[in-house]
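One structure is given here, and the rest of the page talks about it.
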Amino acid sequence: MMKLIVGIGGASGAIYGIRILEALSHMPEVETHLVMSRTAKITIGAETDWEPKAVEALANEVHKIGNVAASIASGSFPTDGMIFAACSMKNLSAVVHSNADDLLSRAADVCLKERRKLVLMPRETPLHLGHCKLFYEAAQLGAILAPPMPGFYGRPKTVDDVINHSVGRVLDLFGLEANLAKRWSGLP
């Protein structure tokens with residue numbers, strides 16, 4: 001059984017984390033561990049029709065942001081990695097600087113130290129030099145940066161199509177097929 005941590009930070013784009021949980025909830029071979037920041041709960045209410053409790057119901061296990069004694073805070077608890085969607089610049093800075101003062105940043109830090117996949121979906125634009133340095137440093141530490149940038153070869157028609165493309169590509173990184181992203185098959 002695959003175990004994945006899904007972290008939702010307070011950046012705009014909480015729908016990416018929600019859609020990831022929706023897709024994974026249909027995969028019985030994947031056990032999900034959810035951690036949401038306090039600001040993620042605010043963002044969910046502001047940007048979606050979801051309630052935080054309904055988002056939590058999509059996960060197999062929910063961990064409180066302040067519980068740094070949770071299972072996922074230890075490298076001895078085996079997971080296959082973490083998807084952090086959406087990842088704010090504050091969250092990214094905490095990951096890069098090993099500032100593990102909450103469970104989101106601690107779980108990410110554990111993934112890095114244990115050489116497990118850490119996929120960050122930073123959602124910020126435009127970027128200043130400090131942001132770019134954080135991207136660079138996160139990549140140097142072994143994180144995979146996957147900002148939600150849709151491909152348009154699938155000719156998306158709805159916002160859901162755009163969201164699904166990015167989510168499908170992130171799930172690809174874990175070898176999980178959710179049939180969300182249209183595949184490029186070359187030009188006719």
Side-chain angles (χ1 to χ4, degrees), residues 1-9 13-37 40-41 44 48-65 67-87 91 95 103-123 138 141-151 154 156 158 160-185:
M1 163 139 334
M2 179 179 278
K3 292 181 186 175
L4 282 180
I5 302 164
V6 177
I8 304 178
I15 190 62
Y16 291 105
I18 295 168
R19 188 62 46 82
I20 287 164
L21 286 168
E22 283 182 301
L24 295 175
S25 72
H26 298 291
M27 299 180 190
E29 71 278 13
V30 181
E31 178 182 296
T32 53
H33 292 260
L34 173 63
V35 184
M36 287 191 289
S37 71
K41 294 176 182 181
I44 287 167
T48 75
D49 294 329
W50 284 84
E51 294 291 330
K53 287 289 183 199
V55 174
E56 290 175 347
L58 294 170
N60 296 103
E61 190 161 342
V62 178
H63 302 277
K64 301 281 185 211
I65 185 79
N67 185 7
V68 292
S71 57
I72 60 173
S74 174
S76 68
F77 182 76
T79 70
D80 294 278
M82 179 175 181
I83 302 170
F84 202 145
C87 180
N91 297 138
V95 169
L103 189 55
L104 269 174
S105 52
R106 175 61 188 168
D109 193 56
V110 166
C111 286
L112 290 175
K113 79 179 187 70
E114 299 293 331
R115 305 297 190 262
R116 299 173 185 157
K117 278 189 184 160
L118 172 62
V119 178
L120 305 173
M121 292 183 78
R123 228 295 311 136
L141 292 171
I144 299 169
L145 291 154
M149 296 182 186
T158 66
D160 273 348
D161 291 343
V162 173
I163 293 165
N164 288 342
H165 176 82
S166 291
V167 168
R169 296 291 289 132
V170 164
L171 293 177
D172 282 350
L173 294 169
F174 290 90
L176 297 169
E177 178 57 65
N179 295 312
L180 293 175
K182 186 171 183 178
R183 305 291 177 191
W184 177 254
S185 58

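- Of all non-hydrogen atoms in Met36 and Ile65, the two that sit nearest each other are O-CB, 3.6 Å.
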Could you walk me through whether Lys41 and Glu56 pass the side-chain contact (heavy atoms from CB on, under 4.5 Å) check? CA-CA 10 Å; Lys41 294 176 182 181; Glu56 290 175 347; 3.9 Å; yes
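- Taking the six-membered ring for Trp and thresholds of 30 and 60 degrees, His33 and His63 have nearly parallel ring planes, at less than 30 degrees apart.
- Ile83 contributes atom CD1, which lies 4.5 Å from atom CD1 of Ile20 (distance to the nearest 0.5 angstrom).
- Between Ile8 and Ala40, the shortest heavy-atom distance links the atoms O-CB, 3.2 Å.
- The closest donor-acceptor contact from the side chain of Ser74 to the backbone of Ser71 lies at 3.5 Å or more, if one exists at all.
- Rounded to the nearest 0.5 Å, atoms CE (Met27) and OG1 (Thr32) are 11.0 Å apart.
- With sequence neighbours excluded, the residues forming a side-chain contact (heavy atoms from CB on, under 4.5 Å) with Pro156 are Phe152, Asp161, Val162, listed by chain and number.
- Counting heavy-atom neighbours within 6.0 Å of Glu51 CD, excluding the residue itself, gives a total of 12 or less.
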Step by step, would you call Asp80 with Val30 a side-chain contact (heavy atoms from CB on, under 4.5 Å)? CA-CA 10 Å; Asp80 294 278; Val30 181; over 6 Å; no
If you apply the rule side-chain contact (heavy atoms from CB on, under 4.5 Å), what do you find for Arg19 with Asp160, and how did you get there? CA-CA 9 Å; Arg19 188 62 46 82; Asp160 273 348; 3.1 Å; yes
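- Glu22 and His26 get closest at one heavy-atom pair: O-CD2, 3.0 Å.
- Minimum interatomic distance between Leu104 and Gly7 (heavy atoms only, all atoms of both residues): CD2-CA, 3.5 Å.
- Under the rule for a side-chain contact (heavy atoms from CB on, under 4.5 Å), the partners of Ser166 that lie at least two apart in sequence or sit in another chain are Tyr16, Met121, Pro148.
- Side-chain contact check for Asn60 versus Leu24: every heavy-atom pair is 4.5 Å or farther apart.
- Across Arg123 and Ala86, no two heavy atoms sit closer than the pair CB-CB, 4.0 Å.
- For Asn91 (side chain) and Cys87 (main-chain N/O), no donor-acceptor pair under 3.5 Å exists by modelled atom type.
- When atom types are taken as modelled, the side chain of Asn164 and the backbone of Ala181 share no donor-acceptor pair closer than 3.5 angstrom.
- Distance check: Met82 CE to Phe174 CZ gives 10.0 Å after rounding to the nearest 0.5 Å.
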Decide salt bridge (Lys or Arg N to Asp or Glu O under 4.0 Å) for Glu177 and Arg183; before the verdict, give the C-alpha distance in whole Å, the side-chain angles of both, and the deciding distance to 0.1 Å. CA-CA 11 Å; Glu177 178 57 65; Arg183 305 291 177 191; 2.6 Å; yes
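- Note that the CD1 atom of Ile72 and the CD1 atom of Ile5 stand 4.5 Å from one another [nearest 0.5 Å].
- Of all heavy-atom pairs spanning Ile44 and Ala14, the tightest one is CG1-CB, 3.7 Å.
- Note: Leu180 CG to Leu171 CG = 6.5 Å, rounded to the nearest 0.5 Å.
- Atoms CG and CG, from Leu118 and Asp109 in turn, are 9.5 Å apart once rounded to the nearest 0.5 Å.
- No more than 12 heavy-atom neighbours from other residues, nucleotides or ligands sit within 6.0 angstrom of NZ on Lys64.
- Heavy-atom contacts from other residues, nucleotides or ligands closer than 6.0 Å to NZ of Lys182 number 12 or fewer.
- Arg106 places no side-chain N or O within 3.5 Å of a backbone atom of Asn67 that could act as its donor or acceptor partner.
- Only one option out of Val167, Val6, Leu4 pairs with Leu21 in a side chain to side chain contact (heavy atoms under 4.5 Å, CB included); it is Val6.
- With hydrogens and angles ignored, the 3.5 Å screen pairs no side-chain donor or acceptor of His165 with any backbone N or O of Pro150.
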